[in-house]
2 protein chains.
Amino acid sequence: MPAQDNRCESDPVDPARACTVREALDRVGGKWSIGILIAASTGPVRFTELERRVEGISRRMLTLTLRNLERDGLLVRRVHPTVPPRVEYTATPMARELYESLVAIHRWAERHREAISAARVAYDREHAVVKTTPPV
Amino acid sequence: MPAQDNRCESDPVDPARACTVREALDRVGGKWSIGILIAASTGPVRFTELERRVEGISRRMLTLTLRNLERDGLLVRRVHPTVPPRVEYTATPMARELYESLVAIHRWAERHREAISAARVAYDREHAVVKTTPPV
DNA sequence: CCGTATCCGACACGATACTG
DNA sequence: CAGTATCGTGTCGGATACGG
């Protein structure tokens, strides 16, 4: 995947030479994007809440991914000037169009993670150091 | 995004400790996975045909991604012992469950690539070397 | 036609420490 | 609470060359 820091290589000033489909997909394809987008699609979510909901993410990656999603117009960041600070992230309408598909993919992964794991084991066994029907 | 060469960190022998959802998603999240899976979901596709359909992919990355998808049980690789060789890739039923979502996401990217590009330009302009209302 | 091998630069990502 | 700064490692992925 691609880069969290990815940007369109095409001249950004010319709208006709906008992101390619692949470049647009990179934002969704990131390691943490799907989880974050799902969490932020049902309503505003605070930073720490995201940190809890997206299991395994580091503070750094959460920040970076949030910034990139914001930059691409998929998330809106709202800062409440209170103390302690309160920052909320919300999916934009454009991002919310992805919600159904994202959830579908997420559930697919849940359904099949064991099958995938098993497939890997089987594949690795068969393709391990050419050992087909060993002699005697 | 994690590795093309990614594997479940959990003990693969214990089915209860199968891939996490995130690990399962990595396979779909790869730079080229979506394009390849879409192409292979409507029927068997040959190697060279994929090379044409998935725009911009290198031969190396095509091979690597195909191997990984095969390893995870998302693709079946069939070799016809003819000359010249003929190799066909087909999405498994498990992978085909993703088809609708994948196509939806792909179309989403097509629809919004200009908006995303524009959002990037706007964001970069505003966040460029703190230059808000420059003096004189 | 369908790959594999190797080299190598660019980041993605995690760990850790510090802050308004 | 919500970040940022810095460092280190892994590996993604392109370029190139070769092979059955």
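Residue numbers start from 1 in every chain, and the chains themselves are labelled A, B, ... in the order their sequence lines are given, proteins ahead of strands.
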Just how far, in rounded Å, is [atom2] of [N] from [atom1] of [X]?
{"X": "Arg59(A)", "N": "dA5(D)", "atom1": "CZ", "atom2": "P", "answer": "15 Å"}
{"X": "Leu64(B)", "N": "dA15(D)", "atom1": "CG", "atom2": "C1'", "answer": "14 Å"}
{"X": "Leu62(A)", "N": "dG14(C)", "atom1": "CG", "atom2": "P", "answer": "11 Å"}
{"X": "Ile36(A)", "N": "dC13(C)", "atom1": "CD1", "atom2": "C1'", "answer": "13 Å"}
{"X": "Met61(B)", "N": "dT11(D)", "atom1": "CE", "atom2": "P", "answer": "13 Å"}
{"X": "His127(A)", "N": "dG3(C)", "atom1": "NE2", "atom2": "P", "answer": "11 Å"}
{"X": "Arg60(A)", "N": "dT6(D)", "atom1": "CZ", "atom2": "P", "answer": "12 Å"}
{"X": "Tyr89(A)", "N": "dC1(D)", "atom1": "OH", "atom2": "P", "answer": "14 Å"}

So does [Y] get a backbone contact from the side chain of [X], meaning a donor-acceptor N/O pair under 3.5 Å?
{"X": "Ser33(A)", "Y": "Gly29(A)", "answer": "no"}
{"X": "His127(B)", "Y": "Tyr123(B)", "answer": "yes"}
{"X": "Arg22(A)", "Y": "Lys31(B)", "answer": "yes"}

Which residues in residues 38-55 of chain A have at least one heavy atom lying under 4.0 Å from any atom of DNA chain C?
none
Just to be sure I understand the geometry, which residues of residues 75-88 of chain A put a non-hydrogen atom under 4.0 Å away from DNA chain C?
Pro85(A)
Counting the atoms with a prime plus P, OP1 and OP2 as sugar-phosphate, which does Ser58(B) contact under 4.0 Å by heavy atoms, base, sugar-phosphate, or nothing?
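The residue Ser58(B) makes sugar-phosphate contact but no base contact.
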Minimum-distance nucleotide to Lys31(B) side chain [options: dG13(D), dG14(C), dG3(C)]
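For the Lys31(B) side chain, the nearest candidate turns out to be dG13(D).
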Quick check for you: among dT4(C), dG3(D), dG14(D), whose closest atom lies nearest to any side-chain atom of Arg67(B)?
dT4(C)
Side chain to side chain contact (heavy atoms under 4.5 Å, CB included) evaluation trace for Val54(B) with Ile38(B):
CA-CA 10 Å; Val54(B) 183; Ile38(B) 289 179; over 6 Å; no
Could you give the side-chain donor-acceptor pairs of residues 73-87 of chain B under 3.5 Å, partners two or more places apart or in another chain?
unit_1	atom_1	unit_2	atom_2	d
Arg77(B)	NE	Tyr89(B)	OH	3.2
His80(B)	NE2	Glu88(B)	OE1	3.2
Thr82(B)	OG1	Pro84(B)	O	2.9
Arg86(B)	NH2	Glu88(B)	OE2	3.4

Taking 4.0 angstrom as the limit, do Glu49(B) and Arg52(B) come out as a salt bridge?
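Arg52(B) and Glu49(B): salt-bridged.
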Does NZ or CZ of Arg113(B) lie under 6.0 Å from the centre of the six-membered ring of Trp108(B), at an angle within 45° of the ring axis?
no
Can you name the nearest heavy-atom pair linking Arg96(A) to Thr90(A), along with the distance?
NH2-CG2, 4.3 Å
Using a 4.5 Å cut-off on heavy atoms from C-beta on, say whether the side chain of Glu97(B) contacts that of His112(A).
yes
